[in-house]
Amino acid sequence: MTSDFTQKKHMKILSRPLVSEGKLFYISPKTLRWEYSSPVKSILIMNESSVHRYIVKDTGYETDRSVNLQAMRIVLDEITGWLNGRFEDNPGFTAELEKKKPGRIILTPREQSLSKTISRIVIEPSKEPGVIEKITIYESSDSCTVIEFKNVKLNSDPDRSLFMELK
Amino acid sequence: MRLILFFLLSAVLSCAGIPEIIPAVPLDESKIEAACGSVFLSSSWRLVHSIEAVMPDGSKGYVIGITAADPVKGKIHAVIMSIEGLVVFEAESGADLRIIRAMPPFDSQVFAAGLMNDIRLIFFRPGEKERSGLLSDGSYICRYKKPDGNSVDVICSADRSWKILLYDGNHKLLRSVRASVPDRQGLPSKIDLKAVGLPEYSLHMELIESEKLQDNPSKSKTSGKKSK
């Protein structure tokens, strides 16, 4: 699967959302490339068990050794599950399907330790079967990240070289 | 014996850094003061930066920093988040320091206080000017004495780029801040901060967004202009 995405960060400190844009490449079950083109050019690559983040600079790629990569690993594990349509078989979150259409999926952390980071996640499916239209990650009552997917291409079979470690 | 000499030499060399100020003619003093003053925020702003942090071990981390700064009230609201939008630190500082959210390794009072001090150093006027003048290369310099005994030098070059140097009471350099030429909004697009000593680290900041805030923070002007 490949997709463009727009990410909007909403916080009380911001008068308008901070907007990022990029592309997502995914191969089931756990191979993903999350690439930002703006405002910071960066690439997050998850390949089965490993996660690497790179910053794109004029001189090439710089490996990002931020400690928050561990937290991102948790989120990426969840995202790959959702992209596979696995919402319920999820050790980190309980899943609830809203009865009213369009049938949003509400994920709530099982562990209190995780709930301090993420209070809930809302997944909105697209009208197109198997496609997620929007994910909203709520960190607290006044902070959330909204990711909207567009130009989604299923079964697009991205080139495997996109998921290799960068040098 | 050699160890003692080494430490003595280091102490002497680190004290040697504070620049000598050449007094300016009275007509130039107001120009110098205006140049130094223009380095700092004079009203409230919200700033978003991409930040490359180089750690003591040389490794690099990248985050996004959001700062809402009110220099009149001395208040700062700071957020650090990952590029993916995950908030790893949020705190407010004014009369007191209040940590709103902090994930390891940002979850310490020491880190929070240090961050707020760095923000103040970069964006807030350090207090009353002690003296001003010129450097040997013709740059303008203003020296401020802080209540804690530290000194801050603000150096403005002919091309409008500037530096801020923080010294302790023994004239040992603690921090250096270098900024690129301000853009048409009056804000530098790039700022480099280097912390000298323990822990040693450096920050390279690039401005993503800026927004001038009105007195009521919920109403803001997006003109992006910094008042002079």
Side-chain angles (χ1 to χ4, degrees), chain A residues 5 7-20 22 24 34-44 51 53-57 61-76 79 113-114 116-119 135-147, chain B residues 44-55 57-69 75-92 100-107 111 204-214 216-222:
Chain A
F5 69 83
Q7 175 182 298
K8 292 180 183 173
K9 182 70 188 177
H10 298 262
M11 286 190 79
K12 201 172 159 187
I13 192 177
L14 296 168
S15 63
R16 58 178 189 269
L18 183 62
V19 180
S20 306
L24 166 68
W34 192 270
E35 184 171 336
Y36 287 90
S37 54
S38 69
V40 179
K41 290 189 171 68
S42 73
I43 302 168
L44 195 61
V51 176
R53 185 196 282 125
Y54 305 93
I55 303 298
V56 181
K57 305 187 99 176
Y61 301 108
E62 288 262 14
T63 303
D64 181 354
R65 301 192 191 283
S66 302
V67 293
N68 55 64
L69 216 46
Q70 288 303 323
M72 279 314 302
R73 175 64 202 264
I74 296 171
V75 176
L76 289 176
I79 290 175
S113 54
L114 185 54
K116 288 179 186 172
T117 308
I118 296 171
S119 65
I135 298 173
T136 305
I137 303 170
Y138 292 91
E139 290 171 288
S140 65
S141 57
D142 53 21
S143 172
C144 70
T145 304
V146 181
I147 305 168
Chain B
S44 298
W45 280 80
R46 182 183 294 118
L47 306 169
V48 182
H49 291 90
S50 66
I51 303 173
E52 173 191 287
V54 182
M55 319 299 178
D57 64 358
S59 63
K60 293 181 182 177
Y62 296 83
V63 293
I64 290 177
I66 306 172
T67 307
K75 289 185 175 179
I76 297 166
H77 184 171
V79 169
I80 298 174
M81 62 184 194
S82 72
I83 292 164
E84 297 81 18
L86 183 68
V87 174
V88 294
F89 177 86
E90 183 176 6
E92 288 178 327
I100 299 166
R101 181 184 175 100
M103 292 168 62
F106 306 105
D107 56 343
F111 170 80
H204 174 72
M205 301 161 61
E206 293 197 14
L207 188 64
I208 296 173
E209 282 184 15
S210 62
E211 190 172 0
K212 188 172 180 182
L213 302 174
Q214 293 180 349
N216 182 346
S218 64
K219 293 179 187 173
S220 60
K221 261 167 48 173
T222 54

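Heavy atoms only: backbone and side chains are in, while hydrogens, waters and symmetry mates are out.
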Asker: Work out which heavy atom in Y62(B) is nearest to a heavy atom in T63(A); give both atom names and the distance.
Answerer: CE1-O, 4.3 Å

Asker: For I55(A), which atoms come within 4.5 Å of any heavy atom of chain B: side chain, backbone, both, or neither?
Answerer: side chain

Asker: So for K8(A), is it side chain, backbone, both, or neither that comes closer than 4.5 Å to the heavy atoms of chain B?
Answerer: neither

Asker: Checking S38(A) against chain B: side chain, backbone, both or neither under 4.5 Å from a heavy atom?
Answerer: neither

Asker: Name the region of K57(A), side chain, backbone, both or neither, that has any atom closer than 4.5 Å to a heavy atom of chain B.
Answerer: side chain

Asker: May I ask you to test the I66(B)-L47(B) pair for a side-chain heavy-atom distance under 4.5 Å?
Answerer: no

Asker: State, with a plain yes or no, whether a side-chain heavy atom of Y36(A) is found less than 4.5 Å away from one of E84(B).
Answerer: yes

Asker: Against chain A, label V48(B) side chain, backbone, both or neither, depending on which of its atoms sit under 4.5 Å from a heavy atom there.
Answerer: side chain

Asker: Does a side-chain heavy-atom distance below 4.5 Å link H49(B) with I64(B)?
Answerer: no

Asker: Would you say the side chain of S50(B) lies within less than 4.5 Å of the side chain of M205(B), judging by non-hydrogen atoms?
Answerer: no

Asker: Check whether I137(A) gets within reach of chain B through its side chain, its backbone, both or neither, counting any heavy atom under 4.5 Å.
Answerer: neither

Asker: Please classify the contact between E206(B) and chain A as side chain, backbone, both or neither, with a heavy-atom cut-off of under 4.5 Å.
Answerer: neither

Asker: With a 4.5 angstrom heavy-atom cut-off, which part of E139(A) approaches chain B: side chain, backbone, both or neither?
Answerer: both

Asker: Quick check against the 3.5 Å criterion: does R46(B) have a side-chain atom that pairs as donor or acceptor with the backbone of I13(A)?
Answerer: yes

